[in-house]
Student: 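Could you have a look at this structure, given as structure tokens, before my questions?
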Amino acid sequence: MAKIFCIANQKGGVGKTTTTVNLAAGLAKLGQRVLMIDLDPQGNATMGSGVDKRSIQLSVYDVLLESASVAEARVRSDKLVAAGCSYDILGANRELAGAEVEMVELERRERRLKTALAEVDKDYDFVLIDCPPSLSMLTLNGLCCADGVVVPMQCEYFALEGLTDLVNTIKQVKANLNDDLRIIGLLRVMFDPRITLQQQVSEQLTAHFGDKVFETIIPRNVRLAEAPSYGLPGVAFDPSSKGAQAFVAFAAEMLRRLPNAH
Ligand code: ADP
Ligand code: MG
């Protein structure tokens, strides 16, 4: 059975997409079969995986509206294959923004993605879902099919406050729609150890959440920020950079933490 994780945080610009594509590439590098689903109409995870969002024939939109299966809509990126860390991509573009409205009338609308994924479950060890920064019908579809949530966060003053909202949302979804849902862990990203406040918030996080905080810390690293403009995750763009190495270490930590993964 594939492990299905949402990469979620209701704040924008906190590193969700960077985490999704680099964890996907890191797991692929470690021999795992990975499907990356872009649930954000901005399509950044699609572009950042080397797939042009303007030219995709079928996307996650078609899957949600049941006009295509995952097997029909998934694509591979030549760039990722060449870099030796390839994963399948279920892409997104602006069309996805309309899905929200179009799905209002449909039955079981929160479970569309879950139903579609059941058909390809055996093809993957991991399914990683890049969520938009809101609790929309799209995010709900992600949370409904996920085993857990990975929460990237910056160690800033309001980080803990934002986390309370997310934890409450996850509790509600767990109670109403998906009893399996849990927080897999909190990932500290864009970390700068020279900033005292970041160290303090990081310590508060571990004090509050204990082993729910991943050991691996993703540093602020310019190569991770440059990689998307080349259509690659940092792990593929510059494997020797500090950021890429941190994400491969994070992928390895993920495998260690999950006893059933191989
Ligand atoms: P989100 O998906 O939550 O909106 P992104 O992953 O797109 O966030 O990240 C926001 C911005 O920060 C992007 O420009 C990205 O390249 C940059 N970024 C993300 N992680 C890092 C990092 N560890 N070091 C430097 N820049 C980063
Ligand atoms: Mg994003």
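Whatever order the structure lists them in is the order used to number ligands and atoms, beginning at 1. In this text, all values refer to a predicted model and were calculated from it rather than measured experimentally.
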Student: Would you check if the side chain of N22 reaches a backbone N or O of V235 as a donor-acceptor pair within less than 3.5 Å?
Tutor: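 It does hold such a pair.
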Student: When you measure from atom 4 (O) of ligand 1 to every protein heavy atom, which one gives the shortest distance, and what is it?
Tutor: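 The closest one turns out to be G13 N, 2.7 Å.
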Student: Verify the neighbour count for atom NZ of K242: are there more than 12 heavy atoms of other residues, nucleotides or ligands below 6.0 Å?
Tutor: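 No, the 6.0 Å shell around NZ holds no more than 12 heavy atoms from other groups.
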Student: Short question: side chain of S49, backbone of A45 - any donor-acceptor pair under 3.5 Å?
Tutor: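 The answer is yes, because a donor-acceptor pair under 3.5 Å joins these two groups.
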Student: Tell me which protein heavy atom sits closest to atom 7 (O) of ligand 1, plus the residue, atom name and distance to 0.1 Å.
Tutor: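 The answer is T17 CB, 4.0 Å.
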Student: I want to know if ligand 1 touches K11 in the polar sense, i.e. an N/O pair below 3.5 angstrom.
Tutor: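 K11 vs ligand 1: no N/O contact under 3.5 Å.
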Student: Hey, is D179 close enough to K174 for a salt bridge, meaning N to O under 4.0 Å?
Tutor: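 Yes, D179 and K174 are salt-bridged.
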Student: Measure from atom 26 (N) of ligand 1 to every heavy atom in A225, G234, P228 and give the option owning the shortest one.
Tutor: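 Nearest option to atom 26 (N) of ligand 1, by heavy atoms: A225.
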Student: Would one find an N or O of G12, backbone or side chain, under 3.5 Å from an N or O of ligand 1?
Tutor: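 No - when backbone and side-chain N and O of G12 are compared with those of ligand 1, no distance drops under 3.5 Å.
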Student: Does any N or O of ligand 1 fall below 3.5 Å from an N or O anywhere on P219, backbone included?
Tutor: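 Between P219 and ligand 1 (N or O atoms, distance only) the closest approach is under 3.5 Å.
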Student: Going by a strict under-4.0 Å cutoff (protein heavy atoms only), does atom 19 (C) of ligand 1 have a neighbour on the protein?
Tutor: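 So far as the 4.0 Å threshold goes, atom 19 (C) of ligand 1 is in reach of a protein heavy atom.
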Student: With a cut-off of 2.8 Å, does any N, O or S atom of T17 fall short of it relative to the Mg ion (ligand 2)?
Tutor: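 Here the distance criterion (N, O or S atom, under 2.8 Å) is met by T17, so yes.
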Student: Should the heavy atoms of other residues, nucleotides or ligands under 6.0 Å from CZ of R94 be counted, would the total exceed 12?
Tutor: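 No - once you tally the heavy atoms of other residues, nucleotides and ligands closer than 6.0 Å, there are 12 at most.
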Student: Report yes if some N/O of K16 lies less than 3.5 Å from some N/O of ligand 1; otherwise report no.
Tutor: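 Yes, at least one N or O pair falls under 3.5 Å.
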Student: Do D130 and T17 have a side chain donor and acceptor closer than 3.5 Å?
Tutor: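 Yes, side-chain donor-acceptor contact under 3.5 Å.
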Student: Applying a strict 4.0 Å limit to heavy atoms, is N44 in contact with ligand 1?
Tutor: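 Contact check N44 vs ligand 1: negative.
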Student: If you compare all heavy atoms of T216 against all heavy atoms of A246, which two are closest, and at what distance to 0.1 Å?
Tutor: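 Smallest interatomic distance, heavy atoms only, reads CG2-O, 3.3 Å.
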Student: Near N221, which atoms of ligand 1 are under 4.0 Å from a heavy atom of that residue?
Tutor: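 The list of qualifying atoms is 22 (C), 24 (N), 25 (C).
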Student: Between R182 and D147, is the closest basic N to carboxylate O distance under 4.0 Å?
Tutor: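 No.
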Student: Would you mind checking which non-hydrogen protein atom is closest to atom 21 (C) of ligand 1, with the distance to 0.1 Å?
Tutor: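 Atom 21 (C) of ligand 1 sits closest to the protein heavy atom M190 CG, 3.4 Å.
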Student: Heavy-atom contacts with L224 under 4.0 Å: which atoms of ligand 1 show up? List them by number with element.
Tutor: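 Those of ligand 1 that fall under 4.0 Å from L224 are 22 (C), 23 (N).
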Student: Which atoms of ligand 1 are found less than 4.0 Å from any heavy atom of T18?
Tutor: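 That gives atoms 5 (P), 6 (O), 9 (O), 15 (C), 19 (C), 20 (N) of ligand 1.
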Student: Can a salt bridge be assigned to the pair D192 and R220 using a cut-off of 4.0 Å between side-chain N and carboxylate O?
Tutor: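 No, D192 and R220 are not salt-bridged.
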Student: Can you find a protein heavy atom closer to atom 11 (C) of ligand 1 than 4.0 Å?
Tutor: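 Protein heavy atoms within 4.0 Å of atom 11 (C) of ligand 1 - there are none.
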Student: Name the one of V150, I170, L166 that satisfies side-chain contact (heavy atoms from CB on, under 4.5 Å) with I183?
Tutor: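 Answer to the side-chain contact (heavy atoms from CB on, under 4.5 Å) test with I183 among V150, I170, L166: I170.
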Student: Please could you name the atoms of ligand 1 that V14 approaches to less than 4.0 Å, counting only its heavy atoms?
Tutor: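 Counting from 1, the qualifying ligand atoms are 1 (P), 3 (O), 8 (O).
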Student: Is atom 14 (O) of ligand 1 near the protein, in the sense that some protein heavy atom lies at less than 4.0 Å from it?
Tutor: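 Answer no: nothing from the protein, no heavy atom, is under 4.0 Å.
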Student: For ligand 1, which atoms have a heavy atom of G15 less than 4.0 angstrom away?
Tutor: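 Once the distances to G15 are compared, the set is 1 (P), 3 (O), 5 (P), 6 (O), 8 (O), 9 (O).
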Student: Could you tell me whether the side chains of Y124 and D88 share a donor-acceptor contact shorter than 3.5 Å?
Tutor: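 Their side chains do contain a donor-acceptor pair, which is all the 3.5 Å distance test asks for.
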